[in-house]
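Whatever order the structure lists ligands and atoms in, that order sets their numbers, starting from 1. When a residue number appears, it is its place in the shown sequence, counting from 1.
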Amino acid sequence: MNALLVKDVRIVDADHQLAGDILIRDGIIWALGRKLLPPRGVPVLQGEGRTALPAFIDLHAHFRDPGFPEKEDLLSGARAAAHGGFTCVSLMPNTDPVCDSPEVARYLLAEAKRHGLIEVYPVGAITVGLMGEELSPMEALAPWVWAFSDDGKGVEDHELMLRACRKAAGLDRVIFPHCEFQGLSDRGLSEELMVARDLWLCRRTGCRLHLAHISTPGSLELVSLAKERRLPVTCEVTPHHLCLTREEGDYSVNPPLPDREAREALVKALKGGPIDAIATDHAPHTPRDKAAGAPGISGIELAFPLLYTRLVAPGVISLSELSRYLALQPARILGLRKGLIQVGYDGDLMLFSDEEFTASEDFFFSKSTNTPLLGTRLSGRVWATVHRGEVIYLDGAVKGRDFRDHREVI
Ligand code: DOR
């Protein structure tokens, strides 16, 4: 029997708060309560009063595998995810080769299984090679992917996007657009125009839409209207768009960092607005590519500490609300029985403390440290990550790399 008893934690999820222990058996949360007795031979993880949340689910990350191992690969990405408190990650197709064939998607799934750390959910390309000219073999990809995206670029051709939406609707897969028309000097407007177009295509075709990293008050307004009309649309916002502004310091990322006013609107939308999920858009780059202007932030390891420090600790949102955006809602979007700490849900947890730390270069398990947060003091340090009852990250070590088994710390 695979089992784990997590003792003495403050248990918080989107629906509940209690103090006690969590028993996981065969990967599933089996019991919650005070002073649970460990069944014979079951390892115990002593939480020592730390907080346990449902492990996070990232709907949007770039692990650069295959193709760019100098930036990240599946193993370093999975280690970074575990270090960040994530057990499930949806991977974008802008790799080399692009994930526009079943072979690439199957490679991602097989590699993740071989590493045995986290679950990956591949996203297939909408167009062949992300070139925006010809639809990818969506039927052949559908068994291996949950969504289709040309992330990094918007699909500019309306007819092609209409056909993609119709196909996705027929295949019961999600269209996950990166909304940006090229060539418009007003970047916010270029996002909003494509958001509006894609919402209209969703209305026409009935396809499910999940909008990547929306970043402007106008996009929020459009999604609100679509939700009022009960369109099957969800959207995500990134930790950096919620916590950083270009006035405090610009950093190359797509979409660009918001100004103060836009950031305030995004944060306000976490309180009853149209945002469904927070997704990292983890975008690792080498120092050389970054210096040459590559957009993106290596964000999966600092997502929770950043959100905790800037939004939860000052009381802007509650920990339960944050858990809804990082775990419950992404689980619902992916159709997983995860995201709550309740009997019958998957035994995926993250434990953290209020400990402060500096986000220095040696903090990262990712191969890349491209973040404007280097050198920043943050709190909410992840202490442990548990995937289906197995400890995959504990106190500075990832399973399979300098891993001290949790049995040693009981
Ligand atoms: O900043 C970004 N970087 N935004 C994207 O949409 C793509 C990503 C990347 O792949 O580097």
J.: Can you see whether His62 engages Glu72 through a side-chain donor-acceptor pair at a distance of less than 3.5 angstrom?
T.: no

J.: In a table with atom names and distances, give each donor-acceptor pair under 3.5 Å that connects a side chain of residues 137-147 to protein atoms at least two apart or in another chain.
T.:
unit_1, atom_1, unit_2, atom_2, d
Glu139, OE2, Lys167, NZ, 3.3
Trp146, NE1, Ser90, OG, 3.0

J.: Using ring pair (Phe, Tyr, Trp, His ring centres under 6.0 Å) as the criterion, point out the one residue from Phe363, Phe304, Phe364 that pairs with His83.
T.: Phe363

J.: Report all protein residues having a heavy-atom distance below 4.0 Å to some atom of ligand 1; order the list by chain, then number.
T.: His62, Arg64, Asn94, Asp151, Gly152, His178, His213, Val253, Asn254, Asp281, Ala283, His285, Pro295, Gly296

J.: So, applying ring pair (Phe, Tyr, Trp, His ring centres under 6.0 Å) with His213, which one of His282, His241, His60 is it?
T.: His60

J.: Any pair with a residue in residues 249-260 that passes side chain to side chain donor-acceptor pair (under 3.5 Å), sequence neighbours left out, goes on the list, sorted by first then second residue, please.
T.: Arg187-Asn254

J.: Using residues 344-359 as the side-chain source, report each donor-acceptor pair under 3.5 Å to any protein atom, sequence neighbours left out, with the distance given to one decimal.
T.:
unit_1, atom_1, unit_2, atom_2, d
Asp346, OD1, Arg388, NH2, 3.3
Asp346, OD2, Lys338, NZ, 2.8
Asp348, OD1, Arg388, N, 2.8
Asp348, OD2, Thr87, OG1, 2.9
Asp348, OD2, Lys338, NZ, 2.7
Ser353, OG, Glu355, N, 3.3
Asp354, OD1, Tyr308, OH, 2.4
Glu356, OE1, Arg377, NE, 3.3
Glu356, OE1, Arg377, NH2, 3.3
Thr358, OG1, Arg377, NH1, 2.8

